[in-house]
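My questions will all concern the structure given below.
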Amino acid sequence: MGWLKVVGVGPGNLLDMTLRARLILEEAEVVVGYRRYVEWVLPLVNEGAIVVSGEMGGEVERAREAIKRALEGQKVCVVSGGDAGIYGMAGLVLELLVREGSQVGVEIVPGVSAVQAVAALLGAPLMQDFAVVSLSDLLVPWEVIARRLEAAAWGDFVLVLCNPASTQRKDTVMKAVQILEHYRSPETVVGLVRAAGQRGERVILTTLARLLEHPVDMLTTIVVGSSKTLHREGWMITPRGYRW
Ligand code: SAH
């Protein structure tokens with residue numbers, strides 16, 4: 001019997017991959033995913049396994065291929081970076097399965113998200129309510145993203161900003177900062193982490209006023225503190241509220 005498992009493989013190093021993800025990779029007959037993720041999980045994959053990898057933008061095609069192979073009886077693992085259900089492949093696979101009425105045993109396997117990995121490197125910024133916003137307007141119009149930023153900023157949430165830039169989008173962070181400035185002081189603590197858990201990992205603690213001085217790319221996540229977030233001895237901490 002074939003199966004289809006959509007597996008979050010963590011932020012980019014084997015230590016942060018769950019044991020469950022690892023066991024599935026070892027058992028899979030077919031591994032499908034974005035080339036960069038597939039390449040780094042390859043050492044864990046069965047030697048005889050078929051690897052179907054491709055570039056960014058080929059997600060729908062890859063999801064279809066994975067479903068087709070599972071329906072044919074193969075054991076298929078779709079790899080997705082971080083957590084598969086956070087801007088990952090889980091939604092797409094389920095949408096396609098539901099739309100096409102395909103009867104295949106499917107499982108979504110959670111992973112350590114970049115959100116968690118980044119927060120841990122910065123300290124403990126997510127100790128109170130937080131919102132995660134993707135700044136990519138590829139699939140969501142900018143007006144919607146701007147409204148969400150505005151609402152989260154108004155609500156004094158800690159804000160995690162994913163997909164801050166790409167080769168096509170250079171001014172997104174600037175537009176986001178312009179919105180946040182209305183609600184947060186220039187001294188608001190901001191953390192930037194690039195390539196968490198990977199070679200070239202970089203952690204920067206700065207302020208909202210100085211955020212734009214730092215380069216960001218597709219592998220960067222930005223955490224904007226709430227009005228309560230502190231910068232103490234190199235750590236970004238949002239106090240939980242305990243009194244002692
Ligand atoms: N499903 C993924 C998120 C995919 S969206 C997860 O749960 O982690 C892609 C965005 O996530 C990137 O643009 C970047 O903002 C962030 N990201 C992914 N991996 C990262 C890493 N290793 N370090 C820092 N940010 C990362």
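Order of appearance sets the numbers: ligands from 1, and atoms from 1 within every ligand.
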Measuring from each atom of ligand 1, which residues have a heavy atom under 4.0 Å away? P11, G81, G82, D83, I86, Y87, S113, A114, V118, C162, N163, P164, V193, A195, A196, Q198, M218, L219, T220, T221

Pairs satisfying ring pair (Phe, Tyr, Trp, His ring centres under 6.0 Å), at least one member in residues 35-84, at least two apart: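 Checked against ring pair (Phe, Tyr, Trp, His ring centres under 6.0 Å) - neighbours excluded - the pairs reaching residues 35-84 are Y34-Y37.
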
Salt bridge flag under 4.0 Å for residues E100 and R64: yes

Kindly give the heavy-atom pair with the smallest separation between P125 and V223, and that separation in Å.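 It is CB-CG1, 4.0 Å.
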
Quick one: do R147 and E143 make a salt bridge, cutoff under 4.0 Å?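 So R147 does not pair with E143 through a salt bridge.
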
Does E213, at its CD atom, have more than 12 non-hydrogen atoms belonging to other residues, nucleotides or ligands within less than 6.0 Å? yes

Spacing of CG belonging to D83 relative to CE belonging to M89, to within rounding of 0.5 Å: 13.5 Å

